[in-house]
Participant: 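For reference, the structure I am asking about is given below.
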Amino acid sequence: SPQDLSRYYQFGAIFENYVIADAQKTAFHRGKRPNFSFYRDSHGNEVDLVQDRATKAHLWEIKATQTYHARLAKTLHKVALEWDVPTALEVIYSGAEELQAQGALFRPWHQIAW
C-alpha cells in the first residue's frame with residue numbers, strides 16, 4: 001500500500017529512482033537522447049541528477065521528504081561552484097508546495113516538467 005511504501009526503510013532510494021527514471025523516460029518519448037548524469041566529488045558532495053550543457057547546467061537534488069527544509073539545497077550550492085556556466089538548482093521533493101528559496105527552486109515531484 002502507499003502507506004507501507006512511505007514507511008519502508010528504502011523509500012528515499014525508491015523515490016529517487018522513480019524521479020530519475022521519469023526524466024529518462026520523458027527524454028526518450030520526446031525522441032531525445034537523455035543527457036543526465038550523477039555527480040560525486042572527493043569530499044563526498046553529491047547531486048542526484050545533473051544535466052550539463054555548454055551554456056547552462058541543471059542540478060537536481062531528489063528528496064522523499066514532504067517538508068521543505070532550507071538545508072535540502074545545501075549540497076547543490078557547494079557543487080554549483082564546480083561549473084563554469086550558469087547553474088539552475090532544483091530540489092524535487094514529495095511535498096505539495098512549489099517555492100523559491102535559498103537560491104533554488106523547490107518543486108513537488110508531481111509538478112516536474114522535464
Side-chain angles (χ1 to χ4, degrees):
S1 73
Q3 293 79 18
D4 291 336
L5 180 61
S6 69
R7 290 189 294 261
Y8 184 57
Y9 77 100
Q10 287 289 326
F11 176 65
I14 292 169
F15 183 77
E16 182 179 318
N17 279 295
Y18 167 78
V19 171
I20 292 169
D22 188 59
Q24 297 272 359
K25 176 189 69 169
T26 300
F28 278 122
H29 285 292
R30 290 184 178 157
K32 297 180 181 178
R33 185 169 177 250
N35 182 26
F36 297 110
S37 60
F38 166 83
Y39 177 89
R40 180 183 295 153
D41 67 17
S42 60
H43 302 290
N45 296 312
E46 64 179 57
V47 172
D48 299 323
L49 195 61
V50 175
Q51 189 171 47
D52 192 6
R53 296 184 176 153
T55 59
K56 188 172 187 177
H58 203 126
L59 310 178
W60 289 275
E61 188 65 24
I62 304 165
K63 298 293 184 185
T65 183
Q66 293 184 3
T67 308
Y68 158 79
H69 296 284
R71 70 179 180 274
L72 297 176
K74 183 179 176 182
T75 303
L76 288 174
H77 291 287
K78 288 181 186 177
V79 172
L81 298 174
E82 300 296 322
W83 267 263
D84 294 332
V85 295
T87 55
L89 309 178
E90 191 168 332
V91 176
I92 298 170
Y93 73 121
S94 64
E97 184 179 356
E98 181 176 310
L99 56 115
Q100 186 83 33
Q102 305 296 317
L105 176 63
F106 289 76
R107 183 176 301 202
W109 67 272
H110 59 277
Q111 291 182 2
I112 299 170
W114 300 110

Participant: How long is the straight-line distance from CD of Glu16 back to CD1 of Ile62, given to the nearest 0.5 Å?
Facilitator: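 Taking CD1 in Ile62 and CD in Glu16, the distance rounds to 5.0 Å.
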Participant: Any link between Tyr93 and Trp60 through a network of hydrophobic side chains (Ile, Leu, Val, Met, Phe, Trp, Tyr) touching at under 4.5 Å?
Facilitator: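 No, because Tyr93 and Trp60 fall into different hydrophobic clusters, even though each may have its own neighbours under 4.5 Å.
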Participant: Identify, with sequence neighbours excluded, every residue that meets salt bridge (Lys or Arg N to Asp or Glu O under 4.0 Å) alongside Glu46.
Facilitator: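 If we apply the salt bridge (Lys or Arg N to Asp or Glu O under 4.0 Å) test to Glu46, skipping adjacent residues, the hits are Arg40.
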Participant: How close do Ala57 and Val85 get, heavy atom to heavy atom, and via which atoms?
Facilitator: N-CG2, 3.7 Å
Participant: Under the rule for side-chain contact (heavy atoms from CB on, under 4.5 Å), what residues qualify as partners of Lys78, not counting sequence neighbours?
Facilitator: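 Here the qualifying residues are Asn45, Lys74.
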Participant: What distance separates His77 NE2 from Leu59 CG, expressed to the nearest 0.5 Å?
Facilitator: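 Spacing of NE2 (His77) from CG (Leu59) equals 10.5 Å.
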Participant: Do Phe15 and Leu49 belong to the same hydrophobic cluster, where Ile, Leu, Val, Met, Phe, Trp and Tyr are linked whenever their side-chain heavy atoms lie under 4.5 Å apart, directly or via other members?
Facilitator: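 Both belong to a single hydrophobic cluster.
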Participant: According to salt bridge (Lys or Arg N to Asp or Glu O under 4.0 Å), who are the partners of Glu61, at least two apart in sequence or on a separate chain?
Facilitator: Lys63
Participant: List the atom of Val50, the atom of Tyr39, and the distance in Å for their closest heavy-atom pair.
Facilitator: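 Looks like CG2-CB, 3.9 Å.
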Participant: Please check if Val47 and Val91 belong to a single hydrophobic cluster, counting links between Ile, Leu, Val, Met, Phe, Trp and Tyr side chain heavy atoms closer than 4.5 Å.
Facilitator: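 They do share one cluster, since a chain of ILVMFWY contacts under 4.5 Å joins Val47 to Val91.
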Participant: Taking all heavy atoms of Asn35 and all of Asp52, pick out the closest pair and write down the distance.
Facilitator: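 Residues Asn35 and Asp52, closest heavy atoms: ND2-O, 3.4 Å.
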Participant: List the atom pairs, donor and acceptor, that lie under 3.5 Å between side-chain atoms in residues 100-114 and the rest of the protein, sequence neighbours left out.
Facilitator:
unit_1 : atom_1 : unit_2 : atom_2 : d
Gln100 : NE2    : Ala104 : O      : 3.4
Arg107 : NE     : Glu90  : OE2    : 3.2
Trp114 : NE1    : Asp22  : OD2    : 3.0

Participant: Could you report the tightest heavy-atom contact between Ala80 and Leu89, atom names first, then the distance?
Facilitator: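 For Ala80 versus Leu89, the nearest heavy atoms are CB-CD2, 3.9 Å.
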Participant: Restricting to salt bridge (Lys or Arg N to Asp or Glu O under 4.0 Å), what partner residues turn up for Arg30, sequence neighbours left out?
Facilitator: none
Participant: Who pairs with Asp84 by side-chain contact (heavy atoms from CB on, under 4.5 Å), at least two apart in sequence or on another chain?
Facilitator: none
Participant: Listed by chain and number, what are the side-chain hydrogen bond (donor to acceptor under 3.5 Å, both in side chains) partners of Asp4, not counting sequence neighbours?
Facilitator: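 Residues passing side-chain hydrogen bond (donor to acceptor under 3.5 Å, both in side chains) with Asp4: Ser1, Arg7.
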Participant: Taking only residues two or more places apart in sequence or in another chain, which ones pass side-chain hydrogen bond (donor to acceptor under 3.5 Å, both in side chains) with Arg33?
Facilitator: none
Participant: Residues in side-chain contact (heavy atoms from CB on, under 4.5 Å) with Arg53, at least two apart?
Facilitator: Gln51
Participant: Report the distance from atom OG of Ser6 to atom CD1 of Ile14, rounding to the nearest 0.5 Å.
Facilitator: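 Going from the OG atom of Ser6 to the CD1 atom of Ile14 covers 11.0 Å.
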Participant: Determine the minimum heavy-atom distance between Ala64 and Phe11, stating which atoms define it.
Facilitator: CB-CE2, 3.5 Å
Participant: Check ring pair (Phe, Tyr, Trp, His ring centres under 6.0 Å) between His69 and all other residues, then give those that pass, not counting sequence neighbours.
Facilitator: none
Participant: Going only through I, L, V, M, F, W and Y residues with side-chain contacts under 4.5 Å, is there a path from Leu72 to Ile20?
Facilitator: no
Participant: Check side-chain contact (heavy atoms from CB on, under 4.5 Å) between Ser42 and all other residues, then give those that pass, not counting sequence neighbours.
Facilitator: none
